[in-house]
Structures are given as structure tokens and as C-alpha cells.
Amino acid sequence: MELSEQEQLRRESLNGLRALGIEPYPAAAYQVTALSDNIKSTYQDDAPQREVTIAGRIMSRRIMGKASFVELQDSAGRIQIYITRDDISTDEEKTMYNVVFKKLLDIGDFIGIKGYVFRTQMGEISVHAQELTVLSKSLRPLPIVKYKDGVAYDAFEDPEQRYRQRYVDLVVNDGVRDIFMKRTKVFNSMRNFFNEQGYVEVDTPVLQPIPGGASARPFITHHNALDIPLYLRIANELYLKRLIVGGFEGVYEFSRNFRNEGMDRTHNPEFTAMEIYVSYKDYNWMMDFTEAMIEKVCLDVNGTTEVKVGDKTISFQRPFKRITMIDAIKEHTGIDINGMNEEQLRDVCKQLGIEANDTMGKGKLIDEIFGEKCEGNYIQPTFITDYPIEMSPLCKRHRNNPELTERFELMVNGKELANAYSELNDPIDQRARFEEQLRLSEKGDDEAMFIDQDFLRALEYGMPPTSGMGIGMDRLVMLMTNQVAIQEVLLFPQMRPEKVIRKDSAETFMSVGIPEAWVETVNKAGFVTVASLKEQNPNKLHQDLCGLNKKLKLGLTNPTKDDVTLWVENANNR
RNA sequence: GAUUCAGUAGCUCAGCCGGUAGAGCACAUCCCUUUUAAGGAUGGGGUCCUGGGUUCGAAUCCCAGCUGAAUCACCA
């Protein structure tokens with residue numbers, strides 16, 4: 001492993017600490033009595049002096065001779081520490097200050113400080129250190145981000161590095177933690193809302209023998225003991241309904257779902273949905289319930305019902321607009337699709353310039369028209385209701401129109417946020433709908449649903465009238481935190497794995513005759529494994545190595561061409 | 001999957017009409033007991049993403065690849 005100069009220095013400092021009898025990774029608990037924000041918010045100039053013990057990471061140091069200032073970052077924020085040589089050092093040599101603090105500690109190290117709170121001449125509330133404890137040594141330099149008046153200087157902003165090394169992102173970038181704190185608040189607020197009504201949080205299987213409840217390509221895995229394929233769930237809907245059959249009157253689950261599809265700034269292969277099912281309710285009740293829930297979540301998280309999303313302001317104040325899908329299409333295209341057959345719908349698509357192929361059924365065609373012409377227009381929260389029956393195989397037929405279903409989707413900022421039904425509980429109708437899906441699947445629609453026989457059996461025992469609703473939690477958090485990328489609201493978004501560079505040890509290189517002194521140079525020339533030396537032209541290799549020796553002023557004795565030829569031969573024979 | 005852009009020091013970036021690789025922060029050494037994005041001075045640090053090609057000579061031009069981002073396509 002090649003270490004940068006700064007990394008090497010930090011390892012030397014680590015040894016320096018141990019040489020002084022200071023354990024850089026102590027085992028003992030450190031009793032913290034205060035957090036940075038609390039110290040600052042409760043400070044009063046005329047109050048009696050307050051003793052505190054705090055701990056955190058050193059984020060900056062300003063050494064002014066015998067006195068220094070440190071910015072210490074803990075979970076709540078940052079606070080300045082004032083350190084003087086004579087206060088923290090007890091011995092004659094002032095080792096704690098001159099050696100430990102000034103030489104052996106670095107930005108990024110965790111330290112504990114015992115001291116008292118005061119205000120500096122510049123007016124900043126600070127802690128005057130009386131005791132310094134090393135809590136953990138950091139061996140890698142953090143990116144240095146500085147802030148003044150909310151402006152970041154030298155921000156650490158390469159998305160690849162931020163997502164791959166979220167821990168660094170969280171340490172150095174202001175505001176990243178806030179997003180995830182808000183994410184937790186969204187979940188807690190929603191959970192409280194449900195619990196207050198007596199609904200029950202449950203866990204259902206992530207590994208499912210039949211991936212049901214949604215239309216999506218699943219991830220497939222294999223169970224060795226049973227020797228069967230298992231699928232990571234694409235939804236948990238069918239399991240929650242089984243629980244309604246079993247007698248629960250209200251169940252919900254925050255469900256991590258997995259879909260084997262494209263990734264972009266609004267899709268991650270694993271994402272979180274919340275689904276809730278309540279018996280003896282219909283989708284009208286669920287609309288009232290959903291808007292009440294979202295209004296509360298928004299208030300709990302942001303303290304207001306309005307959120308800024310990009311340059312738009314979205315109001316989550318009840319009630320939300322409601323419009324049927326047919327009216328929405330009429331509104332945005334001027335075409336009334338009510339009662340049209342598949343042929344007529346295909347013509348409408350052509351007329352509107354929407355691509356339609358033969359695998360698309362009636363439902364899919366209507367969905368296409370809506371997605372293309374209407375969806376993006378609904379910025380303020382809007383319930384789109386009464387979807388065509390072909391698109392909603394788990395949804396109850398509309399009480400007034402057998403072509404439609406009792407379904408709504410909630411559109412916000414031009415995208416679907418939530419989806420809900422009066423759940424289909426007629427087992428015979430449900431079986432017919434599944435069979436229709438199977439026909440679509442045979443027609444080439446690879447997203448059509450599988451038939452879950454056990455689910456049908458459950459329905460045959462009888463499921464009470466029920467309404468269910470699912471909501472995309474990541475998208476909700478994006479709205480609540482004004483983020484446009486799902487990666488910004490997932491702690492560890494999916495990334496292509498980093499390449500692991502396999503490297504042979506020095507001994508392996510020496511075993512083909514390369515002198516120890518030359519191993520590093522051979523590595524530097526781009527050969528980190530002995531195998532990579534195979535089939536190399538010894539002349540070129542010889543030249544490269546001698547060139548590096550000269551260029552890097554290594555002062556090594558150049559190998560002869562015969563030496564290099566032998567190395568390559570040995571590598572070939574391994 | 002397509003197109004475009006990007007990859008240079010630990011971090012943020014300049015250099016890109018080919019000719020010895022630069023700045024700020026960080027780091028090191030020295031000075032300094034109330035500083036605050038940055039105290040002062042001096043100094044060290046690079047596989048210019050990888051591999052080919054053109055050339056006397058490539059960070060720079062060309063081709064291919066890798067990784068990421070944006071837009072579009074596909075998909076809840």
C-alpha cells in the first residue's frame with residue numbers, strides 16, 4: 001500500500017503518541033457532559049462559570065505560540081476550544097502542549113476536552129481547556145472545507161467521492177447530516193401518526209418465492225438448503241393483505257424493496273416504500289387519511305406546510321386537489337377517452353405523437369397518455385383517481401363504472417408520490433385479473449404480475465373491505481429536503497463497485513530475481529503483479545526501469561538487460 | 001442503452017494554440033498566550049484516470065477503455 005506523505009506522517013505521530021505512553025485508541029469510556037450547540041445556546045455572560053467535558057473531532061487548528069484555538073466538531077455542531085500551554089501541561093517540558101497537541105495531533109483526530117465555558121475577546125463562546133485526552137487518531141487527512149457566512153470554501157463536492165465515502169461527506173459537508181436527520185423525522189412522524197390510530201407495524205418477508213404486489217423486474221437469488229429460487233421483494237402488498245385476512249384491522253410496514261431496473265437520479269435498485277392497509281375503509285377515506293398524514297409529516301419536519309422544491313413552492317396544506325384520470329386527460333389533451341377501445345386508444349396515441357407498440361394493452365396505453373401529457377403538470381399535490389381496470393390488477397372495480405377501478409395516485413411536483421386502492425377482495429375477480437396479467441406476460445410484457453396461488457387462497461377465506469396505500473419514502477424525503485437526486489437522501493446509494501487492485505508482495509517479486517530495492521520501482525512502472533510481467537519485452541522494460549531510476553533520482557544501480565530478461569523469463573515460468 | 005461533459009498534489013481548481021507541472025487550503029520547519037474561511041516566513045509533495053497512436057518531444061492532439069455527472073431513452 002502506497003502511503004502519501006501526510007499519511008506516513010500521521011502514522012509516525014501515532015507511534016510518537018505510543019512512545020510517550022499515550023494510547024491513541026484508548027478503551028475506556030469517556031464521560032461527555034455537554035454538546036457543542038447546547039453550550040453555545042445556553043451560555044450567559046453573567047452566569048457562574050460552567051465546567052464541561054466534551055468530545056469530538058478536531059476540524060481546524062490555529063496555533064499562536066503558547067496558545068491555540070481548535071474547532072471541535074461533535075454530533076451537534078462545532079465549538080471553539082481555547083488551549084494554552086500551561087493549562088494542559090503539567091510537566092516541566094510542557095509535553096502535552098508542545099509535543100502531543102502541536103506535533104502529534106492532526107485535523108480529524110478525536111479528542112476529549114475538560115474545561116470551562118467563556119467568551120473570547122472576539123466574542124465567540126468557547127471552552128477553555130484544562131485537560132486534553134486523545135480519544136482516537138485519524139490516519140487519513142480529511143478534505144479541508146472552510147465556511148464563512150454559510151459559504152463553503154474548497155467544498156468536498158465530487159458526487160462520486162461523496163457517495164462512496166459518505167462518512168467523509170458527513171464529517172466535512174455542512175447540511176448533509178441535516179438531510180438524514182430530516183429523513184428520520186419523516187419516518188418517525190409517519191410512524192407516530194399510524195400508531196396513534198392504533199395501526200400495527202409489522203415485518204413481512206424480504207425473500208419471497210413469488211415476487212408480487214407490483215410490476216417490476218425482481219432480483220433473483222437462490223436458497224441452497226431448499227434448492228429453490230427466491231426473489232427479493234418488489235413490494236410487500238400481498239403479505240400485508242394476508243394479515244388483513246388474518247384479522248388485523250390496520251397494518252403497515254416500511255418496506256425496503258428491490259427492483260432490478262435502471263439507476264438514475266430518481267431510481268436506486270433498493271428503495272423504501274411504506275404501505276398501510278386498513279379494513280372497512282375505501283379509497284375516499286384513504287385520500288382524507290393520506291392528505292392528513294402528509295400535512296402532519298411536513299409540519300413535523302419543516303415546521304410549516306410549505307416546502308421549496310427547486311424554484312417552486314409546494315403547499316401540503318389540506319385539502320389536496322382531486323381529479324379523475326379521464327378528466328385529467330381531457331384537461332390536458334382535449335380528448336375524451338371515456339369508453340374507447342384499444343384500437344381507438346392506439347389512434348389517440350398516434351395523434352398525440354406517443355409511441356405505442358403491440359404489447360401494450362388498453363391500460364398501458366392510457367397510462368402512457370397520462371404519463372406523457374398530464375403527469376408533469378401536477379406540481380401541487382393532486383389526487384388522480386379512477387384508473388382503468390387493466391392497469392390495476394389488485395384494485396377493486398369502481399362502484400359506478402366497471403371499466404375503472406377505485407384507485408388514486410398522489411402526484412406532487414409532476415411525479416407519483418403515493419398510490420392507493422380500495423383493495424380487490426373478490427377472490428374470483430382477483431384470479432381473473434391475474435390470468436389477464438399472465439396473458440399480457442405471454443404477449444411480451446415482462447412486467448406483468450405472477451400468479452400467487454397462496455394469496456388467492458387467502459382471499460378465498462375472505463378479506464374484509466380494505467383500503468391500502470403505498471408511498472415512496474425516498475421521494476417524500478426528497479420533497480421535504482429540497483433534493484433532486486435520490487442519492488442525496490440515501491446514506492449509501494448504489495454505486496458501481498470500486499476496482500480492487502490486486503498487488504503482489506515484495507517477496508513474490510523477489511522470487512523471480514528482482515532485487516528488493518527495485519520492487520517499488522517495478523511497481524511504479526505499472527507492474528503490481530508478477531503475472532503482469534509475463535510477455536513483456538525485456539528491452540522496453542529495461543529502458544523504462546532505468547528511465548524511472550534517473551527521472552525519480554533513486555540512485556539505484558541499474559540492472560543489466562540480461563537481468564531483466566531473466567526476470568521476465570522467471571515470471572513466464574511461474 | 002445513446003449523446004455530451006469531466007478525471008492534474010490529501011481537497012478545490014488553473015495549465016490544454018505540444019517544449020522541465022502551477023495556485024489556494026492542507027502538510028513540514030521556524031516565530032508568536034484571545035485567533036476565526038486565511039497570523040508571518042520558508043519548504044516538501046504529482047502514475048497529469050488507464051492503454052495504444054501521432055511526434056524528436058504529449059497533461060495538452062487522435063483512438064479505445066475505466067469511473068462519474070448531465071440530458072434523453074427504458075422502467076414505477
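A, B, ... follow the sequence lines: proteins, then strands. Residue 1 opens every chain.
Side-chain N/O atoms of A/Gln80 and base N/O atoms of B/rU35 include a donor-acceptor pair closer than 3.5 Å. For B/rU33, the base has no donor-acceptor partner in the side chain of A/Thr84 [N/O atoms by modelled type, under 3.5 angstrom]. In the interface, the side chain of A/Tyr153 is not paired with the base of B/rU12 through any donor and acceptor atom under 3.5 Å apart. Judged by distance alone with a 3.5 Å cut-off, no donor-acceptor contact links the side chain of A/Glu160 to the base of B/rU67.
For A/Lys103 and B/rC30, the shortest distance from a side-chain N or O to OP1 or OP2 is below 4.0 Å. Within the structure, a side-chain polar atom (N or O) of A/Arg265 is placed less than 4.0 Å from OP1 or OP2 of B/rU71. In terms of phosphate contacts, A/Lys146 brings a side-chain nitrogen or oxygen within less than 4.0 Å of OP1 or OP2 of B/rA26. An OP1 or OP2 oxygen of B/rC11 is reached within less than 4.0 angstrom by a side-chain nitrogen or oxygen of A/Gln161. Regarding contacts with the backbone of B/rU33, every side-chain N or O of A/Arg85 stays at 4.0 angstrom or more from both OP1 and OP2. Phosphate contact (OP1/OP2 of B/rG39, side-chain N/O of A/Arg62, threshold under 4.0 Å): absent. Phosphate proximity of B/rG10 to A/Arg140: absent, as no side-chain N or O sits under 4.0 Å from OP1 or OP2.
At a threshold of 4.0 angstrom between heavy atoms, the contacts of A/Asp86 include nucleobase atoms, whether or not backbone atoms are also involved. Counting any heavy atom pair closer than 4.0 Å across all strands shown, A/Ile63 reaches a base atom.
Taking the centre and axis of the six-membered ring of A/Tyr421, the NZ or CZ atom of A/Arg407 falls outside the cone set by 45° and 6.0 Å. The side-chain tip of A/Arg475 does not point at the ring of A/Phe271 from less than 6.0 angstrom away and within 45° of straight on.
Place A/Met495 and A/Tyr147 on RNA chain B by their nearest nucleotides, and A/Tyr147 ends up nearer the 5' end.
Across all strands shown, B/rC16 forms no Watson-Crick or G-U wobble pair with both distances under 3.5 Å. Across the strands present, B/rA37 finds no partner; the criterion is a Watson-Crick or G-U wobble pair with both atom distances under 3.5 angstrom. With a 3.5 Å ceiling on both atom-pair distances, the Watson-Crick or G-U wobble partner of B/rU71 is B/rA2.
Taking a cutoff of 4.0 Å between a charged side-chain nitrogen and a carboxylate oxygen, A/Lys415 and A/Glu375 do not qualify as a salt bridge. A salt bridge between A/Glu7 and A/Arg140 is present, with a side-chain N of the basic residue lying under 4.0 Å from a carboxylate O of the acidic one.
Shown are A/Glu253, A/Glu423, A/Glu275; of these, the salt bridge (charged side-chain N to carboxylate O under 4.0 Å, His left out) with A/Lys241 is made only by A/Glu423.
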